[in-house]
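What you are looking at is a predicted structure, and each value in this text was computed from that prediction instead of being measured.
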Amino acid sequence: MPGLIRSAPLRNIAVLSLVAVLAACGGGVKYRPVSDVPVRIGPPYKVRGVTYTPAAQPGYDMLGYATWYGSESGNQVANGERFRPGWITAAHKTLPLPAYVEVTSLDTGRRIIVRINDRGPYGESARIIDLSRGAAEELGIRTQGKAAVRVRAIEPDEKDRAALRKGKTARSLAPVPARTLSNLQEQFARGVGTR
């Protein structure tokens, strides 16, 4: 029969060639290039019976919990980019994609700039951000699994944006002053607590 590969070695070579071609194509998934344009707000969406309404929120400033994720390496995130667990990125339920936030650890006062490119976290309402493994490490909360944080929308300069788009860290930020940190911890205890 013409076209039928009868010998095992030739069949193995054909299979390996096909696997190599598919791997080179990315398995058919088309990832969006890492870019800040266009900014996507998106329509309301529902997860587990709860409706979330994305919106531009330039004054966003919340206290809550951060968790982290990292085993989804290579998956496509909500804005179409490839998830890279070592990058300084995060998931948020309603901020535009992409957006930039300053995340402050309420245990240490340490602050970092993070690029939002995914949706989540879902479930517990006090969880306000899901950090990539790289962001959790940079903030110093990876071993905690869940940490009290402040998340504030910011507009970083182009140098910080470019670094984050390339998988690098943005400039280092000084920790919040002790008095400010104490105030944030008190607000967290009153408003979020142990939920």
Side-chain angles (χ1 to χ4, degrees), residues 36 39-73 75-156 164 170 173 175-176 179-195:
D36 284 350
V39 173
R40 297 175 182 176
I41 303 243
Y45 65 99
K46 190 178 276 195
V47 175
R48 298 182 197 137
V50 177
T51 300
Y52 299 94
T53 305
Q57 301 172 64
Y60 184 89
D61 191 344
M62 286 291 261
L63 300 175
Y65 289 105
T67 50
W68 68 271
Y69 64 125
S71 61
E72 298 83 3
S73 183
N75 286 356
Q76 193 170 41
V77 295
N79 79 343
E81 297 171 359
R82 178 189 299 263
F83 177 65
R84 295 170 173 97
W87 288 27
I88 312 301
T89 59
H92 191 276
K93 296 172 195 132
T94 59
L95 285 174
L97 299 178
Y100 291 87
V101 294
E102 177 186 284
V103 182
T104 305
S105 166
L106 297 188
D107 288 337
T108 64
R110 186 171 182 169
R111 302 179 302 151
I112 64 170
I113 299 172
V114 177
R115 184 172 182 268
I116 305 286
N117 67 349
D118 204 1
R119 290 285 178 228
Y122 303 109
E124 180 186 359
S125 64
R127 286 175 56 210
I128 59 172
I129 195 166
D130 221 357
L131 301 171
S132 66
R133 185 193 71 231
E137 287 170 352
E138 185 70 17
L139 191 58
I141 65 166
R142 182 175 177 212
T143 58
Q144 293 171 256
K146 178 175 154 181
V149 295
R150 175 189 192 188
V151 176
R152 188 171 68 88
I154 61 168
E155 289 293 331
L164 291 166
L173 301 175
V176 296
R179 186 173 181 165
T180 302
L181 181 59
S182 178
N183 184 4
L184 289 169
Q185 290 167 338
E186 288 173 16
Q187 289 179 54
F188 181 87
R190 285 194 311 268
V192 180
T194 58
R195 286 191 277 163

For A56 against P96, the heavy-atom pair lying closest together: CA-CG, 3.9 Å
Just grab all the ring-ring contact (aromatic ring centres under 6.0 Å, His included) pairs involving residues 101-120, residues at least two apart or on different chains. none
T53 side, atom OG1; K93 side, atom NZ - distance, nearest 0.5 Å: 13.0 Å
Roughly how far, to the nearest 0.5 Å, is CD of Q185 from OG1 of T180? 11.0 Å
Here the pair of heavy atoms bringing T94 nearest to Y52 is CG2-CB, 4.2 Å
Reported OH-to-CG distance for the pair Y65 and L106, which is rounded to 0.5 angstrom: 9.5 Å
Return the CD1 to CG distance between I154 and L173, rounded to the nearest 0.5 Å. 7.0 Å
The reported gap from CZ in R82 to CG in N117 (rounded to nearest 0.5 angstrom) is 13.0 Å
Minimum heavy-atom distance between R48 and G123, given as atom pair plus value: NH1-N, 3.6 Å
Might you point out which heavy atoms bring F188 and A148 nearest each other, and give the distance in Å? CZ-CB, 3.5 Å
Side-chain donor or acceptor of S132 paired with backbone N/O of W87 under 3.5 Å: yes
Can you tell me how far the CD1 atom of I88 sits from the CD atom of E138, to the nearest 0.5 Å? 5.0 Å
What residue among I129, L131, I116, D61 forms side chain to side chain contact (heavy atoms under 4.5 Å, CB included) with V151? I129
So which heavy atom on A66 is nearest to which on I141, and how close? CB-CD1, 4.1 Å
Residue pairs meeting side-chain hydrogen bond (donor to acceptor under 3.5 Å, both in side chains), one or both in residues 99-111, sequence neighbours left out, come to D36-Y100, Y100-R115, E102-R111, E102-R152, S105-T108, D107-Q144
Set of residues satisfying side-chain contact (heavy atoms from CB on, under 4.5 Å) with respect to P43, sequence neighbours excluded: none
Chi angles and distances behind the side chain to side chain contact (heavy atoms under 4.5 Å, CB included) call for W68, L139: CA-CA 11 Å; W68 68 271; L139 191 58; over 6 Å; no
For T67, which residues count as a side-chain hydrogen bond (donor to acceptor under 3.5 Å, both in side chains) partner, sequence neighbours excluded? R127, D130
Closest non-hydrogen atom pair, L63 against R150: CD2-CB, 3.6 Å
Does A153 have any side-chain contact (heavy atoms from CB on, under 4.5 Å) partners at least two apart in sequence or in another chain, and if so, which? Y60
Holding to side-chain hydrogen bond (donor to acceptor under 3.5 Å, both in side chains), I want the full list of residues that pass it with R40, two or more places apart in sequence or in another chain. none
